[in-house]
2 protein chains.
Amino acid sequence: MSEKNDVASALVKLSFLVQSVYAEVSEASGLTPQQAQLMCVLCNQNLGMAQLAQTLGIEKSSLTGLVDRVEKLGFVSRKVSENDARSSIVQLTKIGTNVVLKFRGEATAKLNELVACMPKRYRDTFTDIAGRIVTEHEVPAVFNQVS
Amino acid sequence: MSEKNDVASALVKLSFLVQSVYAEVSEASGLTPQQAQLMCVLCNQNLGMAQLAQTLGIEKSSLTGLVDRVEKLGFVSRKVSENDARSSIVQLTKIGTNVVLKFRGEATAKLNELVACMPKRYRDTFTDIAGRIVTEHEVPAVFNQVS
DNA sequence: TATTGTTATACTCTATAACTATA
DNA sequence: TATAGTTATAGAGTATAACAATA
């Protein structure tokens with residue numbers, strides 16, 4: 001008995017497929033997926049380490065090294081908060097902004113290719129349903145808009 | 001301009017949501033996601049290290065440690081191939097089989113919950129479309145059937 | 001000589017616990 | 001005392017390069 005019609009199986013396979021695209025495009029930008037995710041979060045907002053860790057769903061101590069490495073690449077920088085001398089605000093650099101925009105563009109293109117084989121009507125339906133699923137659950141910020 | 005209707009964005013968010021469920025259920029079984037994936041692949045077939053590495057998309061040298069750790073947990077075992085003395089065949093142990101079946105059951109349940117809020121008609125449509133997407137692309141084996 | 005698998009080494013990501021500095 | 005962030009330490013996952021054993 002095949003399970004091609006099993007929702008769970010479809011979700012898992014699809015998610016691994018998308019993750020592989022995400023990883024591939026990250027690498028093409030010289031980033032790990034986690035670094036790309038970090039930079040995507042910072043597209044919209046400059047955040048302190050604590051907020052950033054919470055947004056990414058990792059410990060502050062884990063974030064320290066992650067930011068260190070991306071900072072060493074020159075894509076983000078820390079600045080001391082004006083309101084609170086304890087707080088480090090992390091922000092994209094000029095180069096970092098370009099890198100993440102390129103990343104987002106390429107990822108979007110590759111993901112669109114993934115569904116390009118389907119009729120538009122199907123794509124719209126799929127997008128609608130997928131959108132409903134994610135809006136009804138807590139989803140980590142991973143692909144923020146530059147708005 | 002919101003991008004709720006953007007396919008790429010929906011795909012990424014959905015994939016991270018599914019990955020978080022996969023990770024959560026793995027942990028509940030005392031496994032890392034990679035260990036769970038390894039065991040899922042072995043549900044259907046006993047494989048040599050080279051084939052297993054290829055299936056998982058990692059280097060043989062990376063697989064050595066991964067199998068070591070799962071073997072230490074008692075969930076898989078290596079046996080020398082009868083045809084080729086160089087080859088180690090990896091197989092699930094009795095306990096390992098129970099663990100992976102439990103993992104699969106819980107993951108399936110949690111993933112079904114994810115779409116439980118949607119009318120059946122929508123779920124079926126979504127499953128159909130997602131199934132088409134993955135069948136038209138190379139998807140790593142991550143949720144094999146026990147058949 | 002080619003293939004199978006392991007070892008050595010290095011790096012990224014992650015967590016927990018302990019710490020410093022500031023509020 | 002509580003919060004922001006870092007450091008120390010440990011372990012998992014990964015890759016590359018070099019190696020041993022077998023085909």
Side-chain angles (χ1 to χ4, degrees), chain A residues 16 19-20 22-24 26-42 46-73 75-91 140 142, chain B residues 16 19-20 22-24 26-42 46-73 75-91 140 142:
Chain A
F16 274 85
Q19 291 290 315
S20 72
Y22 198 92
E24 181 188 335
S26 299
E27 191 181 17
S29 291
L31 300 168
T32 65
Q34 292 86 350
Q35 292 170 349
Q37 190 180 346
L38 166 71
M39 292 176 68
C40 280
V41 168
L42 295 174
N46 301 331
L47 292 176
M49 296 293 284
Q51 285 177 290
L52 196 46
Q54 190 180 18
T55 303
L56 293 170
I58 61 176
E59 292 297 316
K60 283 187 302 176
S61 58
S62 303
L63 183 60
T64 296
L66 184 57
V67 171
D68 283 349
R69 290 182 287 273
V70 181
E71 192 169 31
K72 193 168 290 178
L73 292 174
F75 298 158
V76 303
S77 62
R78 288 169 165 101
K79 71 169 180 186
V80 177
S81 169
E82 296 169 355
N83 310 320
D84 187 339
R86 296 171 303 179
S87 181
S88 278
I89 308 298
V90 186
Q91 56 191 359
V142 285
Chain B
F16 274 85
Q19 291 290 316
S20 71
Y22 198 91
E24 181 188 335
S26 298
E27 191 182 16
S29 292
L31 300 167
T32 65
Q34 291 87 349
Q35 292 169 350
Q37 190 180 345
L38 167 71
M39 291 175 69
C40 281
V41 169
L42 295 173
N46 301 331
L47 292 175
M49 295 293 284
Q51 285 177 289
L52 196 47
Q54 189 180 18
T55 303
L56 293 170
I58 62 176
E59 293 297 317
K60 283 186 303 177
S61 57
S62 303
L63 183 60
T64 296
L66 183 57
V67 170
D68 284 348
R69 291 183 285 274
V70 180
E71 192 169 30
K72 193 169 290 179
L73 293 173
F75 298 157
V76 303
S77 62
R78 288 169 166 101
K79 70 168 181 187
V80 177
S81 169
E82 296 169 355
N83 311 320
D84 187 339
R86 297 172 302 180
S87 180
S88 277
I89 308 298
V90 186
Q91 55 190 359
V142 286

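Quantities reported herein were computed from a predicted structural model and do not represent experimental measurements. Reminder, nothing fancy here: chain letters follow the sequence lines and each chain counts from 1.
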Asks: Let me know the distance between CG of A:Leu63 and C1' of C:dT12, rounded to the nearest Å.
Replies: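 For the pair A:Leu63 CG and C:dT12 C1', the rounded distance is 14 Å.
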Asks: Taking atom P of D:dA8 as reference, at what distance in whole Å does atom CG of A:Asp68 sit?
Replies: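 The answer, rounded to whole Å, is 12 Å.
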Asks: Among all residues two or more places apart in sequence or in another chain, which pass the ring pair (Phe, Tyr, Trp, His ring centres under 6.0 Å) test with B:Phe75?
Replies: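 Once residues adjacent in sequence are excluded, B:Phe75 has no partner under the ring pair (Phe, Tyr, Trp, His ring centres under 6.0 Å) criterion.
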Asks: Does a side-chain N or O from B:Arg69 land closer than 4.0 Å to OP1 or OP2 of D:dG13, or not?
Replies: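 For B:Arg69, the contact criterion (side-chain N or O under 4.0 Å from OP1 or OP2 of D:dG13) is met.
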Asks: Could I get the full list of side-chain contact (heavy atoms from CB on, under 4.5 Å) partners for A:Glu27, not counting sequence neighbours?
Replies: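 Applying side-chain contact (heavy atoms from CB on, under 4.5 Å) to A:Glu27 gives none.
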Asks: Around atom CD of A:Gln54, are there more than 12 heavy atoms of other residues, nucleotides or ligands at under 6.0 Å?
Replies: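 12 or below, so no.
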Asks: Under the side chain to side chain donor-acceptor pair (under 3.5 Å) test, which residues partner A:Gln19, sequence neighbours left out?
Replies: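 B:Ser15.
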Asks: Rounded to whole Å, how long is the line connecting atom CG of B:Leu31 with atom P of D:dG11?
Replies: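 Those two atoms, CG and P, are 19 Å apart.
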Asks: Between P on D:dG13 and CD on B:Gln19, what's the gap in Å once rounded to a whole number?
Replies: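 The answer, rounded to whole Å, is 14 Å.
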Asks: Is B:Thr64 close enough to C:dT7 that one of its side-chain N or O atoms is under 4.0 Å from OP1 or OP2 there?
Replies: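 Indeed not, no polar side-chain atom of B:Thr64 lies that close.
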Asks: Show the atom names and distances, to 0.1 Å, of all donor-acceptor pairs under 3.5 Å that link a side chain in residues 61-70 of chain B to residues at least two apart or in another chain.
Replies:
unit_1  : atom_1 : unit_2  : atom_2 : d
B:Thr64 : OG1    : B:Lys60 : O      : 3.3
B:Asp68 : OD1    : B:Arg78 : NH1    : 2.9
B:Asp68 : OD1    : B:Arg78 : NH2    : 3.1

Asks: Please work out if A:Gly48 contacts a base, only the sugar-phosphate, or nothing of the nucleic acid, heavy-atom cut-off 4.0 Å.
Replies: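 Touches sugar-phosphate only.
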Asks: Between D:dA4 atom P and A:Leu47 atom CG, what is the distance in whole Å?
Replies: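 It is 13 Å, rounded to the nearest whole Å.
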Asks: Check this one for me: any side-chain N or O of B:Thr32 less than 4.0 Å away from OP1 or OP2 of D:dG13?
Replies: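 For D:dG13, OP1 or OP2 has a side-chain N or O of B:Thr32 closer than 4.0 Å.
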Asks: Does A:Glu59 have any side chain to side chain donor-acceptor pair (under 3.5 Å) partners at least two apart in sequence or in another chain, and if so, which?
Replies: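 For A:Glu59 there are no side chain to side chain donor-acceptor pair (under 3.5 Å) partners, ignoring immediate neighbours.
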Asks: Nucleotide by nucleotide, 5' to 3', does protein get under 4.0 Å of the base (B), only the sugar-phosphate (S), or neither (-) in nucleotides 15-23 of chain C, counting heavy atoms?
Replies: BBB---BBS
Asks: From the set C:dT12, C:dG5, D:dT14, return the single nucleotide nearest to any side-chain atom of A:Gln35.
Replies: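 Within the option list, the nearest is C:dT12.
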Asks: Report the distance from atom CG of A:Leu52 to atom P of C:dC13, rounded to the nearest whole Å.
Replies: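 One finds 13 Å between P of C:dC13 and CG of A:Leu52, rounded.
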Asks: With heavy-atom distances below 4.5 Å as the criterion, would you say the side chains of B:Ile58 and B:Leu52 are in contact?
Replies: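 Side-chain contact under 4.5 Å: no.
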Asks: Of all the choices, C:dT4, C:dC13, D:dG5, which nucleotide is nearest to the side chain of A:Ser88 once you look at every atom?
Replies: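 The closest nucleotide is D:dG5.
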Asks: Would you mind reading off the distance between B:Leu66 atom CG and C:dT7 atom C1', rounded to a whole angstrom?
Replies: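 Result: 16 Å.
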Asks: What is the distance from CD of A:Glu24 to P of D:dT14, rounded to the nearest Å?
Replies: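 In whole Å, D:dT14 P and A:Glu24 CD are 17 Å from each other.
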Asks: Under 4.0 Å between a side-chain N or O of A:Arg78 and OP1 or OP2 of D:dA4?
Replies: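 So the side-chain polar atoms of A:Arg78 never come under 4.0 Å of the phosphate oxygens OP1 or OP2 of D:dA4.
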